[in-house]
Amino acid sequence: MENVVRITRTFQVAAAAALLLAATACGSSGSGGSSATGLNPPDLKAQSKLGTSEGQVNLIAWAGYVEDGSNDPKVDWVTPFEKQTGCKVNSKVAASSDEMVKLMKTGQYDAVSASGDASLRLIASGDAAPVNTKLVPNYADIFSGLKNGSWNSVKGQMYGIPHGRGANLLMYNTAKVSPAPTSWSAVFDDASKYKGHVTAYDSPIYIADAALYLKATKPELKIKDPYALDQKQFDAAVALLKKQNADIGEYWSDYLKEISAFKSGDSVVGTTWQVIANLTADEGVKVKAFVPKEGSTGWSDTWMLYSKAKHPNCAYQWMNWIVSPTVNAQVAEYFGEAPANSKACDHTSDKTFCETYHAADESYWKNIAFWNTPIEQCLDGRTDVKCVPYAKWVQAWTEIKG
């Protein structure tokens, strides 16, 4: 689809991250299929049956997730939902996970399209309700790798409906970077070869990318989960990023900035998303993007229900609608991500879309460590140490960038 959304996904999380410090959490993390078994959120019950529609639903979403035709008349999955359900959609675009958490706490919203660095906070604080997936018929067709993740479930109980996923890839200019890289070493240990032309994602969560690389290259650190770092492991990741900083031309958090930098030659190698790689190639730049041998980090977004939602029935209907095959295909193409519904691939306008985004390739996603919220109680199950919470990741990121 030509009208690809240009969004900014920043995750500058401040004091709100401290909400999780009191939560007793351990368990496992990483890519799909595990759950944070040690997290003990408030004892909330999932809704048992759908009631009468309340006539409206108030949503918080990433740009491009709740399109009503006002940005592009051809891009509208809100109007048909309103006609079918009688639920008027009121939506607010949030620019960061921190903003999403704060907005959910106002009590004015019914549901949010939370990424993994927000979802665990919402669960631990009792702001996200467990969901009854039986009330969401389309949940049955969600890819298995998105169910019961450490970022969207606790002890087998889902706290939302998966929406889509994406990987953080290594992109390089094939005309200027030689030999072709196979490892994240291109932006870490070997970054000086491209000094001033290396780019990196501008967010504290990028510390996990360094940790993922160290997990593979420094086994003595015993990193099991890039989001569960004790002080020694964290210090090693921060040191690597401070060293990298000398070779960085610019950090990016915006589609257009990265595309422009690769087009001008200011950037020749760095982290990216598939949609950005596609758009950069469309601009005539010779680039390749891939998952390096160490694996990658990535995101998985989940529609989460507010625990005191005023319009829960319309919210449930929205969650079912947004992951229905046709609509999920539309959102995935417009936003630039792999759809969550396994049947969505039959409905994309670009018949190669799901192949490009590895939508149905679960072996591909097994190498992706989806964003999660670092907390004091180690997500990798260790109880003999404390892990560094996200509030300190934020402080460290400021220091890394100088």
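Quick caveat, the model's predicted, so the values are computed rather than measured.
In this structure, a donor-acceptor pair under 3.5 Å is absent between the side chains of Thr85 and Trp321. Looking only at atom types and distance, the side chain of Asn168 has a donor-acceptor partner in the side chain of Thr297 under 3.5 Å away. The closest side-chain donor-acceptor pair between Ser97 and Asp117 falls under 3.5 angstrom. There is a side-chain donor-acceptor pair under 3.5 Å between Asn372 and Ser150. Judged purely by distance below 3.5 Å, without hydrogens or angles, the side chains of Ser185 and Asp190 pair a donor atom with an acceptor atom. A donor-acceptor pair shorter than 3.5 Å can be found between the side chains of Glu54 and Asn313. There is a side-chain donor-acceptor pair under 3.5 Å between Gln56 and Asn90. Between Thr352 and Asp350, the side chains place a donor N or O and an acceptor N or O closer than 3.5 Å (distance only, hydrogens not considered). There is no side-chain donor-acceptor pair under 3.5 Å between Glu250 and Ser267. Side-chain atoms of Tyr357 and Glu333 include no donor-acceptor pair closer than 3.5 Å. Gln157 and Asn148 share no donor-acceptor pair across their side chains, judged by distance under 3.5 Å alone. Using modelled atom types, one finds a donor on one side chain and an acceptor on the other under 3.5 Å when comparing Gln244 with Tyr206. At a cut-off of 3.5 Å, with distance as the only test, no side-chain donor of Thr356 or Gln274 sits close to an acceptor on the other residue. Side chains of Glu258 and Thr272: a donor on one and an acceptor on the other come within 3.5 Å.
Using a 4.0 Å cut-off between a side-chain N of Lys or Arg and a carboxylate O of Asp or Glu, Arg121 and Asp98 qualify as a salt bridge. Between Glu283 and Lys263 a salt bridge is recorded (basic side-chain N to carboxylate O distance below 4.0 Å). One finds no salt bridge joining Lys74 and Asp72 here, because no Lys/Arg side-chain nitrogen approaches an Asp/Glu carboxylate oxygen to under 4.0 Å. Using a cut-off of 4.0 Å between Lys/Arg side-chain N and Asp/Glu carboxylate O, Asp301 and Arg165 are scored as not salt-bridged. With respect to the salt-bridge test (charged N to carboxylate O, under 4.0 angstrom), the residues Lys401 and Asp202 qualify. A salt bridge does not link Lys310 to Asp110: none of the charged nitrogens lies less than 4.0 Å from a carboxylate oxygen.
Listed for the His163 side chain is no donor-acceptor partner under 3.5 Å among the backbone atoms of Trp303. In terms of modelled atom types and a separation under 3.5 Å, the side chain of Trp252 and the main chain of Thr271 share a donor-acceptor contact. A side-chain donor-acceptor contact under 3.5 Å links Asn132 to the backbone of Gln47.
With a 4.5 Å cut-off on side-chain heavy atoms, Val66 and Val78 count as touching. Residues Leu122 and Tyr159 have side chains not in contact (no heavy-atom distance under 4.5 Å, counting atoms from C-beta outward). Looking at heavy atoms from C-beta onward, Trp273 lies in side-chain contact with Tyr201 at the 4.5 angstrom threshold.
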Please test Asn58 against Tyr306 for side chain to side chain contact (heavy atoms under 4.5 Å, CB included), starting from the C-alpha separation and ending with a verdict. CA-CA 10 Å; Asn58 301 322; Tyr306 180 49; over 6 Å; no
Should Asp76 and Phe81 be marked as a side chain to side chain contact (heavy atoms under 4.5 Å, CB included) after you check the CA-CA gap, both sets of side-chain angles, and the distance that decides it? CA-CA 10 Å; Asp76 180 2; Phe81 169 77; over 6 Å; no
I'd like to know whether Tyr251 forms a side-chain hydrogen bond (donor to acceptor under 3.5 Å, both in side chains) with Asn245, so could you lay out the CA-CA distance, the side-chain angles of the two residues, the decisive distance to 0.1 Å, and finally the verdict. CA-CA 9 Å; Tyr251 294 95; Asn245 177 260; 2.9 Å; yes
With side chain to side chain contact (heavy atoms under 4.5 Å, CB included) as the criterion, how do Gln233 and Leu214 come out once you've worked through the C-alpha distance, each side chain's angles and the decisive distance to 0.1 Å? CA-CA 9 Å; Gln233 295 166 338; Leu214 291 173; over 6 Å; no
Would Asp127 and Lys105 satisfy side chain to side chain contact (heavy atoms under 4.5 Å, CB included), going step by step from the backbone distance to the final call? CA-CA 7 Å; Asp127 291 308; Lys105 289 185 175 301; 2.3 Å; yes
Checking ring-ring contact (aromatic ring centres under 6.0 Å, His included) for the pair Trp299/Phe370: CA distance, chi angles, key distance, verdict? CA-CA 5 Å; Trp299 80 84; Phe370 290 119; 8.9 Å; no
Output, in order, the C-alpha distance, side-chain angles, deciding distance and verdict of side-chain hydrogen bond (donor to acceptor under 3.5 Å, both in side chains) for Asn320 and Asn138. CA-CA 6 Å; Asn320 189 54; Asn138 286 309; 3.1 Å; yes
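Distance check: Ile123 CD1 to Ser153 OG gives 7.0 Å after rounding to the nearest 0.5 Å. Here the CH2-CH2 distance, from Trp318 to Trp77, works out to 8.0 Å after rounding to the nearest 0.5 Å. Residue Leu103 holds its CG atom at 12.0 Å from CG of Leu59, rounded to the nearest 0.5 Å. Atom-to-atom distance recorded for Thr217:OG1 and Asp189:CG is 6.5 Å, nearest 0.5 angstrom. Here Gln84 contributes atom CD and Glu82 contributes atom CD; the two are 12.0 Å apart, rounded to the nearest 0.5 Å. With values rounded to the nearest 0.5 angstrom, Cys314 atom SG is found 11.5 Å from Met319 atom CE.
Tested against Tyr390, the residues Ile205, Leu120, Ile375 include a single side chain to side chain contact (heavy atoms under 4.5 Å, CB included) partner, Ile205.
Within 6.0 Å of the NZ atom in Lys351, the count of heavy atoms belonging to other residues, nucleotides or ligands exceeds 12.
With sequence neighbours excluded, no residue forms a ring pair (Phe, Tyr, Trp, His ring centres under 6.0 Å) with His347.
Listed by first then second residue, pairs satisfying ring-ring contact (aromatic ring centres under 6.0 Å, His included) with a partner in residues 92-144 number zero, not counting sequence neighbours.
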